[in-house]
Amino acid sequence: MTDMISPNLFASVPDPDGRFGPYGGKFVAETLMSALADLEVIYRELSCDPDFQREFDSDLAHYVGRPSPLYEASRMSDAIGGGRIFLKREDLNHTGAHKVNNTIGQALLAKHMGKKRIIAETGAGQHGVASATVAARLGLECHVFMGAEDIKRQSLNVYRMKLLGAEVIPVTSGSKTLKDAMNEALRDWVTYVDNTFYIIGTVAGPHPYPMLVRDFQSVIGREARRQSLAMTGKLPDALVACVGGGSNAIGLFHPFLSDESVAMYGVEAGGHGVETGQHAAPLSAGTPGVLHGNRTYLMQDPNGQIMETHSVSAGLDYPGVGPEHSWLKDIGRVNYVAANDDEALAAFHHWTRTEGIMPALETAHALAYAEKLAAEMTPDQNIIVNLSGRGDKDILTVAAIEGIEV
Amino acid sequence: MSRLTPCFDALRSSGRKAVIPYIVAGDPTVASTVPMLHRLVAAGADVLELGVPFSDPMSEGPVIQRGHERALANSVSLTQVLAMVVEFRQQDQTTPVVIMGYANPVERMGYAQFAAECAAAGVDGLITVDLPPEEVGPLNAELQKVEIDNIFLISPTTPAQRIGTITANASGFIYYVAVKGVTGAGHLDSSDVGMHLDLIRAETALPICVGFGIKDAESATSVGAMADGVVVGSALIDTMTVAMESGSSLDVGVEKAVTLLGSIRSGIDNM
């Protein structure tokens, strides 16, 4: 189906109804429909407003620390002996991951809409931390919904959010992870919709969220494209990013979608192995359905019940994925693959010891796949991996898996 | 053909309001559901709302969420919910049954198959919380083929100019959500409800039933005076589960819920 791709295709989504082909849309309760319409109107207005763009760019430069570097991982590339691997260093952003690009943007929207209370869902805690951070900076009340299971495995981030003045609300329903945190955030939003801005952390949820989160995160790919041309004189041959909801991946991929020579790989969480059923890889092994406001690939049973997922990384432990990824899979523009827990853990150690960069466990999935990909490539070919977050938050998880008491 | 319009016509001509209980199919047990539906009818229910359990019931408060969890623990699927309607229809050919749930189980079954199976089972109407008019076109086309009503929610946040878009897609009745919030929320403002019902009446002649936040005869009569009917869900499920958690049998739990519905019935009839 790749022959239907033209440069205009990627600028044409989502359509006015928020659809990416058959995916996306606004599958929410009536109470939220007018809030979504208001958000869309103000976003369409502000996204063409040069003052808003300047404010966003200025915050990214002076508060987040952008542009993030593109770093050539020479020692790792030499060791593999194939393609050259470059890392887009989103781990060096303020708060330690790509998540802040989006929370800065959405907090500016909240400010322009006069909303004084923000809510967010979080899995690994990175989006919660990034939301609590912008809330502190703007003096907004912040409530973060987090699965009780994730609170256990990400205790450092929970304490960080509390230090930032956010209230962290444990979610004990369902599987007690990211999907349940999102259910609870939607329930809160429906209740306090008048004064509350919901900062969704990924390119999922109802329209216009997948579009606006993509737009805010696309700064990653725009910088990477420029940096690649400056450093190597050409575009990269391949891009690699991990995919949970898929915001760091879409942020890197989107500005390259029309560049036909650039191959793209989204790496899902293979958990104990896609063949075991215990994973979080809906694009690799799921089917289309409707969850959290959009139609997309889901992990679901034959009766349409959402299945519990498994991943060593809390940030990828989600049964759905952003609708634009579902569309990019169907039209064949992006290859979606999976890396297992063991492969991600091995990459976590390997990269920490070889490059002195400790990746988040989410990011380690992308690195694990990039190692395999580089081995099949030649030294004149380049790969850019989105180093979406740093691994400090995962130290206790890794220690526990390895039976080490810290 | 749906039993809803004849049902509401009859209620209107006799000056009565519809009392509509909601329970989750398969909660607390698979075997309890159909007998409970019959008992609710005997206690004065005019229309029955049967919840289809879903793993991620985003609009439900804690009471109904737990009902969905219990039903899923009993492995209740959409197919089984429809089988319960078939069983109910063996004894009751007249009481309208509306099934209420979320889009994904219906998506998974496929719209055409779903509509055909609903019609075969004797379902009269459907409420899908997360299928607003913008997303409902393909399903509505299938439901219309088999003359099953699609019932839409209108909420306190629905702008006046949007009400007509919703009513244009709706049939059977309109479900007005009385509060901003999830099911079982407790901050009902009847003057606000009255204002919104007037706005809806300006757009449609369909009956309007009010739900979310109705928990007893008093709250039911305060909105019943303005509406064509009331929906009560969380209060029934809460009454049943509180009784069972404090040691009562399933039968006593069901009886207490049925008694509550009976008191709402007589409260509304005597207002």
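The figures that follow rest on heavy atoms only: side chains count, while hydrogens, waters and symmetry mates do not. Lettering of chains follows the sequences in order, A, B, ..., and the numbering in each one begins at 1.
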Quiz item: Between Gly293(A), Gly289(A), Ala29(A), which shows the greatest number of heavy-atom pairs under 4.5 Å with chain B?
Solution: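 Greatest number of close heavy-atom pairs with chain B: Ala29(A).
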
Exercise. Using a cut-off of under 4.5 Å on heavy-atom pairs, state which of Leu78(B), Thr158(B), Leu131(B) scores highest against chain A.
Key: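 Ranked by contacts with chain A, first place is Thr158(B).
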
Practice problem: Using a cut-off of under 4.5 Å on heavy-atom pairs, state which of Ser55(B), Pro53(B), Pro133(B) scores highest against chain A. | Solution: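 Highest number of heavy-atom pairs under 4.5 Å: Ser55(B).
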
Quiz item: Got Lys180(B) and Val190(A) here, is their nearest side-chain heavy-atom distance under 4.5 Å?
Solution: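 Counting from C-beta outward, Lys180(B) and Val190(A) never come under 4.5 Å.
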
Sort [X] into side chain, backbone, both or neither according to what part of it lies under 4.5 angstrom from a heavy atom of chain B.
X         : value
Asp301(A) : backbone
Leu291(A) : side chain
Val28(A)  : backbone
Glu308(A) : neither

Quiz item: Just wondering, are more than 12 heavy atoms of other shown residues or ligands nearer than 6.0 Å to OH in Tyr111(B)?
Solution: yes

Distance (rounded to the nearest 0.5 Å) between [X] [atom1] and [Y] [atom2]:
X         : Y         : atom1 : atom2 : value
Leu153(B) : Thr31(A)  : CG    : OG1   : 7.5 Å
Ser175(A) : Asp56(B)  : OG    : CG    : 7.5 Å
Asp130(B) : Lys26(A)  : CG    : NZ    : 14.5 Å
Leu32(A)  : Ser59(B)  : CG    : OG    : 7.5 Å
Arg187(A) : Met58(B)  : CZ    : CE    : 8.0 Å
His207(A) : Glu134(B) : NE2   : CD    : 10.5 Å

Exercise. Using heavy atoms and a sub-4.5 Å threshold, report which of residues 97-109 of chain B line up against chain A, by residue number.
Key: Ala103(B), Asn104(B), Pro105(B), Glu107(B), Arg108(B)

Practice problem: Compare every heavy atom of Gly304(A) with every heavy atom of Phe54(B), then report the nearest pair and how far apart it is. | Solution: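 That closest heavy-atom pairing would be CE1-O, 3.3 Å.
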
Self-check item: Heavy-atom closest contact (Thr191(A) atom, Val182(B) atom, distance)
Solution: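 Minimum heavy-atom separation between Thr191(A) and Val182(B): OG1-N, 4.1 Å.
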
Quiz item: Do you see a donor-acceptor pair shorter than 3.5 Å between the side chains of Ser155(B) and Glu30(A)?
Solution: no

Please classify the contact of [X] with chain A as side chain, backbone, both or neither, using a heavy-atom distance under 4.5 Å.
X         : answer
Val52(B)  : neither
Arg66(B)  : neither
Pro57(B)  : both
Ile154(B) : backbone

Quiz item: Does the Ser34(A) side chain pair with the main chain of Pro159(B), one donor and one acceptor, at a distance under 3.5 Å?
Solution: no

Exercise. List in chain and number order the residues that pass ring pair (Phe, Tyr, Trp, His ring centres under 6.0 Å) with Tyr209(A), two or more places apart in sequence or in another chain; answer none if no residue qualifies.
Key: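 So Tyr209(A) forms no ring pair (Phe, Tyr, Trp, His ring centres under 6.0 Å) with any residue.
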
Quiz item: Got a salt bridge between Arg19(A) and Glu135(B), using NZ or NE/NH1/NH2 to carboxylate O under 4.0 Å?
Solution: yes

